[in-house]
Amino acid sequence: MTSLSPWRWRRRAQLRRYENAAVHLELAYTNSRNMVRRVVALLEAREPVPPALPAGVEAFGQSLRLLHRDFLAGRPPDIARARAREAAQDAGRARAAGLGFSGTIVASQLLIVVGELLQASGMTKIEADRTAGVCEHRPDSRPDPNDR
């Protein structure tokens, strides 16, 4: 509809960003729900909760809100990406401080949702995974066919 209606042409770029981000935002949402379930298990089991873990979850939430605002304003998502990187760093600090079984899963899920958010922001899978610390890609490895 936006390509046919002259009144909506100016919204094409904004809609394209949302279209490209939709898959990654849906995955981030699904994984966030799983992360929250594991947070409940962590609390019920009275596992250790280093301050960096809830800080990372909060930073992820903030980065998601910032990304939405950036999309609406049509500006580059630099601040959202920076906040997402902070969430990933917090997950790493929480791991270093010591976590139980559920806490380890929460930290891992946090890295995964940050990676999805970074892809939603326009980064490639390799860039997003590297930035989030999800995995290391070797320079000699073949790119994933799903990487854009």
Point to revise | Nearest atoms (heavy-atom pairs only) where A84 meets L117 | key: CB-CD2, 3.7 Å
Practice item. Please report the closest heavy-atom contact between A87 and G56, naming both atoms and the distance. Key: CB-O, 3.4 Å
Study note, to complete from the structure: Closest heavy-atom pair, A88 versus A132, reported as atoms and distance to 0.1 Å, is CB-O, 3.5 Å
Practice item. Could you identify which residues cluster with V36, counting Ile, Leu, Val, Met, Phe, Trp and Tyr as linked when any side-chain heavy atoms lie under 4.5 Å apart, either directly or through a chain of such contacts? Key: none
Practice item. Could you pull out the closest heavy-atom pair between S32 and F60, with the gap in Å? Key: OG-CE2, 3.4 Å
Check your understanding: In the hydrophobic cluster built from side-chain contacts under 4.5 Å, what are the other members alongside L66?
Key -> I79
Review point. Taking the hydrophobic residues Ile, Leu, Val, Met, Phe, Trp and Tyr, and joining any pair whose side-chain heavy atoms are under 4.5 Å apart, which ones share a cluster with Y29?
Key: none
In a table with atom names and distances, give each donor-acceptor pair under 3.5 Å that connects a side chain of residues 109-116 to protein atoms at least two apart or in another chain.
residue: Q109; atom: NE2; partner: N31; partner atom: O; Å: 3.1
residue: Q109; atom: NE2; partner: N31; partner atom: OD1; Å: 3.4
residue: E116; atom: OE1; partner: H24; partner atom: ND1; Å: 2.9

Practice item. Could you list the residues that satisfy side chain to side chain contact (heavy atoms under 4.5 Å, CB included) with A128, not counting sequence neighbours? Key: L118, Q119, M123
**Study point:** Any L64 side-chain heavy atom under 4.5 Å of H68 side chain
**Key:** no
Exercise for review: With sequence neighbours excluded, tell me which residues meet side chain to side chain contact (heavy atoms under 4.5 Å, CB included) with S102.
Suggested key: R38, A41, L42, E47
Practice item. Establish whether M35 and I105 are linked, either directly or via other cluster members, by ILVMFWY side-chain heavy-atom contacts under 4.5 Å. Key: no
Practice item. Using the test side chain to side chain donor-acceptor pair (under 3.5 Å), find all partners of N34 that sit at least two apart in sequence or belong to another chain. Key: R37
Check your understanding: Can you list the residues that meet the side chain to side chain donor-acceptor pair (under 3.5 Å) rule with E58, with sequence neighbours excluded?
Key -> Q62
Practice item. State, yes or no, whether a side-chain contact exists between L67 and L25 at a heavy-atom distance under 4.5 Å. Key: yes
Check your understanding: Which pairs pass salt bridge (Lys or Arg N to Asp or Glu O under 4.0 Å) with one or both residues in residues 91-100, sequence neighbours excluded?
Key -> D90-R93
